[in-house]
Amino acid sequence: MAERFYVTTPIYYVNDVPHIGHAYTTIAADTIARWHRLCGRDTRFLTGTDEHGQKVMRAAEKLGRTPQEHVDITVQRFARMWETLDIQYDDFIRTTEPRHQEVVRGFLQQLHDKGELYAKDYSGWYSTSAERFWSNEEVAAAAWLALKNPGYPAEEAVGRLQQGELVGRCPDSGQAVEWITERNYFFRMSAYQERLLAWISDHPQSIQPESRKNEVLGFLRKPLEDLCISRPRARLSWGIPLPFDEEYVTYVWFDALSNYVSALGPVGSPLHQRYWPADVHLVGKDILTFHTVYWFSMLFALGLEPPRQVYAHGWWTIKKEKMSKSVGNVIDPELLVSVFGVDAVRYFLLREIPFGYDGDYSPEAALLRFNSDLVNDFSNLVHRIVKWSDVALAAPGPLAEPEAELLTVAARATAGFREQIERYQFRGALESLWTLVSAGNKYVDTHAPWALAKAGNTERLAEVLRALRETQRIVVSHLACVCPRACTDVLARLGLDGPDLRVAFDVLPSGSRARPGDPLFMRLDNEPTLIALGGAPAAPPTAPPSPKKETPMSEPALAPSTITYDDFAKVALRIGIVLSAEKHPNADRLLVLKVDVGEPEPRQIVAGIAKVYEPEILVGKRIVVVVNLAPAKLRGVESQGMLLAAGGSDVASLLTPLHEVAAGSIVK
Ligand code: ME8
């Protein structure tokens with residue numbers, strides 16, 4: 001039987017709205033799964049949703065739904081998002097499904113029967129928002145932070161906490177915590193400390209990257225405590241009841257972690273035998289301890305093998321701040337897809353930061369990556385020879401020196417790609433593949449098919465076209481796991497029905513022709529794109545020269561530089577009156593306006609203001625329009641100008657004159 005590969009993502013909290021962080025892990029897992037499938041491995045890719053817990057229960061109550069009704073609705077956000085992002089999972093597990101609950105209850109019973117669980121009274125600081133207990137030090141430190149007191153005199157703060165002079169706070173949410181005492185069930189996790197250390201030492205790849213492994217080893221330097229695995233039903237009813245004591249439900253993490261096994265069916269079932277242990281659990285660094293210390297110990301206790309690897313990647317941040325719903329800085333993948341298309345979003349997220357490290361998102365970086373890598377390099381390689389798509393390929397013959405050289409680059413580039421993608425180094429893998437994209441473009445320049453055609457040198461033209469079409473085939477066959485749509489399209493143009501990873505120039509049949517097609521990616525203009533992305537239309541990034549230098553992800557806060565009056569006078573600003581406004585057919589963020597700027601015909605202007613204004617209320621409003629901006633297409637609709645708005649990256653208000661001045665009035 002073929003070698004098998006089992007990859008998972010975390011199961012996401014069903015209450016949340018998916019953002020680029022969730023998309024990141026899932027796109028990474030999808031890329032890995034597609035790659036392994038392509039290599040002929042028996043691959044399984046699991047994702048899903050985490051549907052129990054207090055937050056879900058409260059959200060449902062607020063909306064007057066039962067928790068089950070609530071999760072049945074909210075789970076659709078994830079299902080739809082994965083469809084938008086071309087995620088090809090094999091299974092989607094929901095923790096409210098009977099198939100999951102049965103396995104979890106079986107696990108609990110088994111641990112109970114083996115004496116791995118015991119009941120005891122426990123007192124501690126409980127946070128209802130985080131659904132967990134915290135230590136004195138943790139809640140005192142969070143309280144100190146909330147008061148914005150300098151430093152943190154740990155002993156003094158803990159002392160004040162115990163005296164009741166300081167209100168303890170939850171380190172996650174900042175909300176006040178409560179001191180509660182309750183009887184609960186505990187898992188004897190402390191008994192597994194030595195075994196965990198031995199396992200990690202014997203399986204150095206089991207936690208990656210190395211820095212994360214060291215973090216876990218650091219955690220394991222302190223004595224491991226037993227893990228509370230129950231919550232009284234009186235306090236939390238939305239969970240899986242303990243099979244041996246129905247007064248309690250299971251702790252959400254015990255429930256959630258089990259999904260990786262439960263999705264395969266009961267232990268011993270055919271799928272379980274075929275795929276467990278998982279090859280890799282991809283997770284964010286926030287949930288590393290749960291996936292290593294807790295999960296490995298649980299598996300030891302259950303007599304199951306730990307996953308072969310847990311790989312923890314870093315955070316996407318916004319202006320160096322963690323992305324979070326409460327801060328209100330989350331980036332909606334739908335918006336990025338509406339501007340760039342799905343392949344480009346997948347490419348950007350995987351290419352931009354090394355997998356494992358944190359990285360800051362900015363619309364400027366996304367646009368730069370798009371215009372340089374995808375338009376200038378990749379799309380160019382595919383499109384420049386479209387003119388000769390009708391030329392039939394000659395039978396492959398011995399390679400002349402330039403073709404042999406190109407093939408050598410292809411071999412090196414694809415070996416680098418293969419080696420790095422199998423270690424989840426997406427950025428390095430793509431960089432490696434791009435050496436071939438660049439070499440292909442250079443080959444077109446040097447061996448100028450247009451000149452060969454003009455000179456009537458059909459024999460050499462057919463040779464050059466073979467090398468180029470084979471190069472395209474090799475590039476898109478490898479890239480198909482990252483950018484499936486564009487690559488499938490190019491493969492079809494080459495007459496193939498799927499990727500072919502062979503690195504050779506004699507794969508395409510002699511006599512075969514290609515089919516012409518539109519450019520895969522079209523250059524996007526800075527200003528309108530940045531506005532559509534909710535970014536500031538300032539400091540236009542230009543495509544860097546090839547070979548590219550590293551793009552810093554951070555957005556430096558530049559003070560505006562001085563310009564002359566003449567510079568300013570170049571911008572023609574006019575008062576416009578909005579005649580009509582409607583939603584853009586392909587982008588949620590955009591509105592399409594017809595604006596009278598005092599010319600014979602109204603201007604059509606596409607603006608990224610749909611999140612702030614309902615179209616109807618804009619009709620009749622006077623606004624300020626830049627009328628001498630080169631027209632640009634925004635998601636397929638032409639924009640003949642730009643509106644002025646206040647607020648920078650988040651549009652706060654359109655600018656409007658104090659008096660009813662005529663359409664076309666000059667603004668200066
Ligand atoms: O933790 N940058 O679910 P969750 C990168 N239900 N990745 C991010 C991110 C960001 N800013 N934000 C989220 C849970 N992620 C549990 C998991 S698993 C048995 C239970 C990704 O909805 C990253 O993979 O909070 C992170 O680990 C995961 O989303 C957390 O998703």
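For the single chain, residues carry numbers from 1 onward in sequence order. Whatever order the structure lists them in is the order used to number ligands and atoms, beginning at 1. Quick caveat: nothing in here was measured; it's all calculated off a predicted structure.
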Heavy atoms only: which of Tyr24, Tyr260, Phe254, Trp316 is nearest to atom 2 (N) of ligand 1? Trp316

Can you sort out which atoms of ligand 1 are near Trp253, meaning under 4.0 Å from one of its heavy atoms? 16 (C), 17 (C), 18 (S), 19 (C), 20 (C)

For ligand 1, which atoms, with element, lie under 4.0 Å from some heavy atom of His19? 9 (C), 12 (N), 13 (C)

N/O of Asp50 under 3.5 Å from N/O of ligand 1, yes or no? yes

What atoms of ligand 1 come within less than 4.0 Å of a heavy atom belonging to His291? 18 (S), 19 (C)

protein heavy-atom neighbour closest to atom 25 (O) of ligand 1 works out as Tyr13 CD1, 3.4 Å

Minimum heavy-atom separation for Arg169 and Ala176, please, with both atom names. NH1-N, 3.6 Å

Reported OG-to-CZ distance for the pair Ser127 and Phe133, which is rounded to 0.5 angstrom: 10.5 Å

Any cation-pi pair here, Arg41 with Phe5, using under 6.0 Å and within 45°? no

I'd like to know whether ligand 1 has Trp295 as a neighbour, heavy-atom separation below 4.0 Å. no

Any chance the rings of Tyr12 and Phe78 have centres within less than 6.0 Å? yes

With Leu108, the side-chain contact (heavy atoms from CB on, under 4.5 Å) member among Tyr185, Phe244, Phe187, Tyr248: Phe244

Nearest to atom 28 (C) of ligand 1, what protein heavy atom do you find, and at what distance? Tyr12 CE2, 3.9 Å

Hey, is Ala312 one of the residues with a heavy atom under 4.0 angstrom from ligand 1? no

Return yes if some donor-acceptor pair links the side-chain N/O of Arg427 with the main-chain N/O of Glu352 below 3.5 Å, else return no. yes

Nearest non-hydrogen protein atom to atom 10 (C) of ligand 1, with distance, is Trp315 CE3, 2.8 Å

Quick look: Lys322 vs ligand 1, heavy-atom contacts under 4.0 Å, and the answer is neither

Counting only heavy atoms closer than 4.0 Å, does ligand 1 sit against the backbone of His313, its side chain, both, or neither? side chain

Establish, from distance only, whether the side-chain atoms of Gln88 and Arg37 form a donor-acceptor pair under 3.5 Å. yes

Taking atom 17 (C) of ligand 1 as the reference point, the nearest protein heavy atom with its distance: Ile11 O, 3.2 Å

Return the option from Ile93, Asp255, Ile287, Thr25 holding the heavy atom at the smallest distance from atom 23 (C) of ligand 1. Thr25

Judged by atom type as modelled, is there a donor-acceptor pair below 3.5 Å linking the side chain of Glu69 to the main-chain atoms of Thr66? yes

Using a 4.0 Å heavy-atom cut-off, which part of Phe290 comes near ligand 1: side chain, backbone, both, or neither? neither

Mark up the atoms of ligand 1 that fall under 4.0 Å of a heavy atom belonging to Ala256, in ascending order. 19 (C)

Under 3.5 Å: N/O of Pro10 near N/O of ligand 1: no

Output field: ring centroids Trp295/His291 closer than 6.0 Å: no

Which is it for Asp286 and ligand 1 at heavy atoms under 4.0 Å: side chain, backbone, both or neither? side chain

Would you say the ring centroid of Trp82 lies under 6.0 angstrom from that of Tyr89? no

Between the main-chain N or O of Ile240 and the side-chain N or O of Thr250, is there a donor-acceptor pair closer than 3.5 Å? yes

Would you call Asp16 and Arg77 a salt bridge, taking side-chain N to carboxylate O under 4.0 Å as the test? no

Pairs of nitrogen or oxygen atoms closer than 3.5 Å, one from Gly284 and one from ligand 1: do any exist? yes

